[in-house]
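Working notes, structure below.
Positions are given from 1 along the sequence.
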Amino acid sequence: MAEPVYRRVVVKLSGEYFAGAQSYGIDQPTIDRIAGDLIAAKRLGIEIAVVVGGGNIFRGVEVSARGVSRTTGDTMGMLATVMNCLALAEALERHGQPARTLSALSMPEVCELFTQAAANRYLCEGRIVLLAGGTGNPFFTTDTTAVLRAAEIGADAVLKATNVDGVYSADPKKDASAKRFDRLTHSEALAGGYKVMDATAFALARETSLPIIVFSIAEPGSIGAVLGGAGRATIVAD
Ligand code: UDP
């Protein structure tokens, strides 16, 4: 078998996938499926860290529209990502894969604080490392967290899971004329204003020369397929 192209990656999973077919909360069968996909990808010999969103439980910007301050709303959003990580870590362990949750927010009774050294150590030990609590700061997203953490831990790429098989010029579920890209530069992704990741995340990826691989999580096994070079994806890289 060919050597995998990537040695260490950060996978970004939006909270919305954790809700499965529901619009809110945590759907256990879906988490089990995602855990299985991550384990299969790990067996390719790749070190995997995962940044999980929180949109299935809380998004700061949505509650701030209803009168809660943005910083409080964002803190609630960051706490939601911790809940998702705990659920995923347990599913991974149940399937026999050692995992470890590291949080940007200090909560020693729940999980360890994120440091680059701790993440590095657990990845080298063969664990899947779950990165909770976003960046630890309001006004950021977990997409930006994924790029930031990838740069910090020396990952080779960020795998951004979406509902479609790459970056399109418009939402292909709404616009039949939407064009799909196989490859884009970071600058093209920024200039195009494509909704797949926020501009801060793309700008940081450009600055740190990190490739972003956009793929669909809807297909079971897609994480391993993309990492093995067989899956369909858009590569955003300079
Ligand atoms: N969040 C934050 N700082 C961060 C990351 C996340 O304040 O560094 C908050 C923010 O309120 C965000 C929520 O956590 O809406 C959930 O993250 P995100 O929206 O990125 O989750 P996803 O859309 O991927 O589920």
Side-chain angles (χ1 to χ4, degrees), residues 1-20 30-53 55-56 84 88 92 128-131 141-151 155-175 178-186 188-190 192-198 201-202 204-206 208-238:
M1 201 171 82
E3 283 285 301
V5 181
Y6 303 107
R7 185 188 48 87
R8 175 177 287 184
V9 297
V10 171
V11 178
K12 163 67 209 300
L13 299 172
S14 283
E16 71 178 278
Y17 310 127
F18 281 47
T30 304
I31 304 236
D32 284 332
R33 201 217 90 193
I34 292 173
D37 277 12
L38 287 167
I39 294 167
K42 169 100 187 41
R43 289 204 182 111
L44 298 172
I46 300 163
E47 293 173 353
I48 298 179
V50 187
V51 168
V52 181
N56 55 321
N84 284 335
L88 182 57
L92 287 165
I128 290 182
V129 173
L130 307 181
L131 301 170
T141 64
T142 50
D143 281 352
T144 301
T145 308
V147 178
L148 173 66
R149 295 296 186 234
D156 308 306
V158 172
L159 265 72
K160 160 75 183 176
T162 70
N163 290 315
V164 289
D165 59 353
V167 181
Y168 284 77
S169 56
D171 183 347
K173 291 186 174 155
K174 293 183 187 149
D175 182 350
K179 177 180 179 308
R180 182 182 174 281
F181 303 101
D182 277 331
R183 223 185 150 90
L184 284 169
T185 64
H186 294 109
E188 286 167 343
L190 270 168
Y194 305 121
K195 298 281 176 262
V196 62
M197 266 187 149
D198 57 88
F202 274 134
L204 185 59
R206 179 171 63 182
T208 53
S209 302
L210 258 170
I212 298 182
I213 301 164
V214 181
F215 71 104
S216 170
I217 192 80
E219 299 299 317
S222 57
I223 302 172
V226 168
L227 288 173
R232 251 170 92 76
T234 297
I235 299 183
V236 182
D238 287 338

Q: Take Val164 and Lys173 through the side-chain contact (heavy atoms from CB on, under 4.5 Å) test and state the conclusion after the steps.
A: CA-CA 9 Å; Val164 289; Lys173 291 186 174 155; 4.0 Å; yes

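- The shortest non-hydrogen separation linking Ala49 to Leu131 is CB-CD1, 4.0 Å.
- Scored by the side chain to side chain donor-acceptor pair (under 3.5 Å) test, Arg206 finds Ser187 as partners (sequence neighbours excluded).
- The shortest side-chain heavy-atom distance between Leu38 and Ile48 falls under the 4.5 Å cut-off.
- The closest side-chain heavy-atom distance from Ile39 to Leu92 is below 4.5 Å.
- Take Thr142 and apply the side-chain contact (heavy atoms from CB on, under 4.5 Å) test, not counting sequence neighbours, and it matches Lys12, Val51, Thr81, Thr145.
- Among residue pairs with one or both ends in residues 223-234, those qualifying as salt bridge (Lys or Arg N to Asp or Glu O under 4.0 Å) are Asp165-Arg232; sequence neighbours excluded.
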Q | Stepwise salt bridge (Lys or Arg N to Asp or Glu O under 4.0 Å) check, Lys160 with Asp143 | A | CA-CA 8 Å; Lys160 160 75 183 176; Asp143 281 352; 3.1 Å; yes

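- Of the possible donor and acceptor atoms, one in the side chain of Asp238 sits under 3.5 Å from a partner among the backbone N and O of His186.
- Summarising the geometry, atom CZ belonging to Phe18 is positioned 7.5 Å from atom CG belonging to Asn56; distances are rounded to the nearest 0.5 Å.
- A heavy-atom distance below 4.5 Å is not found between the side chains of Val50 and Val10.
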Determine all donor-acceptor pairs shorter than 3.5 Å in which one atom belongs to a side chain in residues 212-224; sequence neighbours excluded.
residue: Ser216; atom: OG; partner: Ala218; partner atom: N; Å: 3.1
residue: Ser222; atom: OG; partner: Ser216; partner atom: O; Å: 2.8
residue: Ser222; atom: OG; partner: Glu219; partner atom: O; Å: 3.1

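- In terms of heavy-atom proximity, Gly15 sits nearest to Asn84 at CA-ND2, 4.0 Å.
- With values rounded to the nearest 0.5 angstrom, Leu190 atom CG is found 11.0 Å from Met197 atom CE.
- Proximity of Arg149 to Val158: side-chain heavy atoms (C-beta onward) are nowhere separated by under 4.5 Å.
- In this structure a side-chain-to-backbone donor-acceptor pair under 3.5 Å is missing from Tyr17 to Thr30.
- Of all the heavy atoms in Ala178 and Pro172, the pair that sits closest is CB-CA, 4.0 Å.
- At least one side-chain heavy atom of Leu88 sits less than 4.5 Å from a side-chain heavy atom of Leu13.
- Judged purely by atom type and a 3.5 angstrom limit, Thr234 has no side-chain atom pairing as donor or acceptor with the backbone of Gly166.
- No side-chain donor-acceptor contact under 3.5 Å links Ser14 to the backbone of Glu16.
- Residues passing the ring pair (Phe, Tyr, Trp, His ring centres under 6.0 Å) test with Tyr194 are Phe181, sequence neighbours excluded.
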(Q) Between Val226 and Leu159, is the side-chain contact (heavy atoms from CB on, under 4.5 Å) condition met? List the steps. (A) CA-CA 9 Å; Val226 168; Leu159 265 72; 4.2 Å; yes

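- For the pair Ile128/Lys42, a side-chain contact is recorded, criterion being any heavy-atom separation below 4.5 Å from C-beta on.
- For Asp156, the side chain to side chain donor-acceptor pair (under 3.5 Å) test picks out no residue, with sequence neighbours left out.
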